[in-house]
Amino acid sequence: MAVTKIHGIKTTVDKAIEYICNPDKTDQNLYISSFACSPETAVLDFKYTLDHTHDCRDPHNTNKAFHLIQAFSPGEVSYEEAHQIGKELADRLLEGKYSYVLTTHTDKGHVHNHLIFCSADNITFSHYHDCKKNYWKIRNLSDTLCQEHNLSTIMPDGKKGMKYNE
């Protein structure tokens with residue numbers, strides 16, 4: 001079972017990437033992957049892409065990146081499998097259009113992935129739309145990947161969603 005949450009990053013992309021790439025959290029950088037950038041140059045790559053967006057002056061597009069967290073139940077998945085699921089989630093969600101850095105943290109009682117991706121795509125330089133529809137897409141993709149990897153999923157019970165820590 002994996003739970004997901006996403007939030008925008010408006011100013012501190014460098015600090016967010018530094019945090020998720022911490023060697024003490026990623027088994028000495030063993031569980032770090034990226035697409036269309038490297039963790040060391042991601043901030044500059046994201047800035048380059050954002051500087052070329054058509055709607056960069058739109059006051060509604062204030063996010064420079066998005067930070068997606070995918071957390072698994074304790075003991076249900078290995079670090080390697082969690083990282084593989086994170087890569088599959090990133091590739092299916094972002095469809096090869098957005099630069100990203102993915103890490104799997106091994107320092108807590110539960111395995112979890114951090115995915116930071118540029119808010120603008122590298123092809124049309126359009127902004128990612130963070131809305132409920134896209135969040136449900138993320139959640140459904142995560143659930144599908146858990147099922148494909150024979151992991152449990154949360155069955156809807158008609159109640160309102162739970163908080164992340166629940």
Side-chain angles (χ1 to χ4, degrees), residues 1-9 13 15-39 42 45-46 63-123 126-166:
M1 169 184 77
V3 294
T4 55
K5 76 175 185 177
I6 187 170
H7 64 273
I9 302 173
V13 177
K15 290 180 182 178
I17 290 175
E18 182 180 329
Y19 168 76
I20 72 166
C21 291
N22 182 334
D24 295 332
K25 297 177 180 293
T26 60
D27 201 9
Q28 300 305 311
N29 298 336
L30 182 61
Y31 299 110
I32 298 178
S33 298
S34 60
F35 175 79
C37 66
S38 72
D45 294 332
F46 288 11
N63 292 317
K64 295 181 179 179
F66 287 95
H67 185 170
L68 171 65
I69 300 169
Q70 180 186 38
F72 299 90
S73 291
E76 188 174 39
V77 65
S78 68
Y79 302 135
E80 294 83 8
E81 186 174 25
H83 196 73
Q84 181 59 38
I85 292 170
K87 281 195 242 182
E88 291 174 27
L89 176 64
D91 291 340
R92 289 186 192 183
L93 175 66
L94 304 175
E95 302 173 332
K97 296 177 186 175
Y98 297 83
S99 302
Y100 70 77
V101 177
L102 169 75
T103 66
T104 301
H105 282 190
T106 63
D107 64 327
K108 302 283 183 194
H110 64 286
V111 181
H112 57 284
N113 292 322
H114 290 271
L115 172 66
I116 295 180
F117 62 94
C118 184
S119 66
D121 76 57
N122 295 321
I123 299 167
S126 299
H127 276 269
Y128 177 83
H129 297 286
D130 184 32
C131 59
K132 284 186 180 183
K133 178 182 173 185
N134 282 338
Y135 175 71
W136 284 104
K137 179 180 177 182
I138 292 167
R139 182 174 165 179
N140 289 333
L141 278 171
S142 180
D143 285 350
T144 298
L145 288 165
C146 285
Q147 290 168 348
E148 289 174 7
H149 287 262
N150 298 313
L151 303 177
S152 62
T153 56
I154 300 171
M155 297 308 295
D157 59 5
K159 294 180 184 176
K160 200 170 184 175
M162 290 190 274
K163 292 184 167 110
Y164 177 74
N165 61 349
E166 294 176 302

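Note: hydrogens, waters and symmetry copies are ignored here, and every other heavy atom, side chains too, is used.
Scanning both residues, G86 and L102, for their nearest heavy atoms gives C-CD2, 3.5 Å. Between A2 and D143, the shortest heavy-atom contact is O-OD1, 4.2 Å. Residue P39 comes nearest to I17 through the heavy atom pair O-CG2, 3.8 Å, listed as atom of the first residue, atom of the second, then distance. Pairing each heavy atom of S126 with each of Y98, the nearest pair is O-OH, 4.2 Å. For V111 against A82, the heavy-atom pair with the smallest separation is CG1-CB, 3.3 Å. Taking both residues in full, the closest heavy atoms of I9 and A16 are given as CD1-CB, 3.7 Å, listed atom of the first, atom of the second, then distance.
When side chains are defined from C-beta on, F35 does not count as touching L94, because their heavy atoms never get closer than 4.5 Å. Two residues are said to be in side-chain contact when any heavy atoms from C-beta on lie closer than 4.5 Å; L89 and L68 meet this criterion. Using a 4.5 Å heavy-atom threshold, the side chains of T26 and C21 count as separate. Using a 4.5 Å heavy-atom threshold, the side chains of K87 and Q84 count as touching. The shortest side-chain heavy-atom distance between Y31 and N113 does not fall under the 4.5 Å cut-off. You'll find the side chain of F72 stays beyond 4.5 Å of the side chain of T104, heavy atoms only.
At distances below 3.5 Å, at least one donor-acceptor pair connects side-chain atoms of H112 with backbone N or O atoms of H110. Side-chain atoms of E88 never come within 3.5 Å of backbone atoms of L145 as a donor-acceptor pair (strictly under, hydrogens ignored). For S99 (side chain) and C118 (main-chain N/O), no donor-acceptor pair under 3.5 Å exists by modelled atom type. Of the possible donor and acceptor atoms, none in the side chain of S142 sits under 3.5 Å from a partner among the backbone N and O of I138. Checked by atom type and distance alone, the side chain of S119 pairs as donor or acceptor with a backbone atom of K64 at under 3.5 Å. Between the side chain of N134 and the backbone N or O of D130 there is no donor-acceptor pair closer than 3.5 Å.
Here CD1 of I32 is found 10.5 Å from CG of D27. Values are rounded to the nearest 0.5 Å. A distance of 9.5 Å separates CG of L141 from CD of E148, quoted to the nearest 0.5 Å. To the nearest 0.5 Å, the span separating CD on E81 from CG on N150 amounts to 8.5 Å. Taken to the nearest 0.5 Å, the OH atom of Y79 stands 11.0 Å off from the CG atom of L30. Between the OG1 atom in T144 and the NZ atom in K137 there is a gap of 12.0 Å [rounded to 0.5 Å]. Between the CG atom of L93 and the CG atom of N140 there is a distance of 11.5 Å, given to the nearest 0.5 Å.
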For I85 and L151: C-alpha separation, side-chain torsions, deciding distance, then whether side-chain contact (heavy atoms from CB on, under 4.5 Å) applies.
CA-CA 11 Å; I85 292 170; L151 303 177; 3.6 Å; yes
Would L115 and Q70 satisfy side-chain contact (heavy atoms from CB on, under 4.5 Å), going step by step from the backbone distance to the final call?
CA-CA 8 Å; L115 172 66; Q70 180 186 38; over 6 Å; no
Go through the steps for F46 and I116 under the test side-chain contact (heavy atoms from CB on, under 4.5 Å), then give the verdict.
CA-CA 10 Å; F46 288 11; I116 295 180; 4.0 Å; yes
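Under the ring pair (Phe, Tyr, Trp, His ring centres under 6.0 Å) test applied with F66, the options Y100, Y128, Y135 reduce to a single match, Y128.
Partners of D107 according to the salt bridge (Lys or Arg N to Asp or Glu O under 4.0 Å) rule, which considers only residues two or more places apart in sequence or in another chain, are K25. Every residue two or more places apart in sequence or in another chain was checked for a ring pair (Phe, Tyr, Trp, His ring centres under 6.0 Å) with H149, and none qualifies. With sequence neighbours left out, the salt bridge (Lys or Arg N to Asp or Glu O under 4.0 Å) criterion links K97 to E95.
Proximity of the aromatic rings of Y19 and H105 is defined here by a centroid distance below 6.0 angstrom, and this criterion is met.
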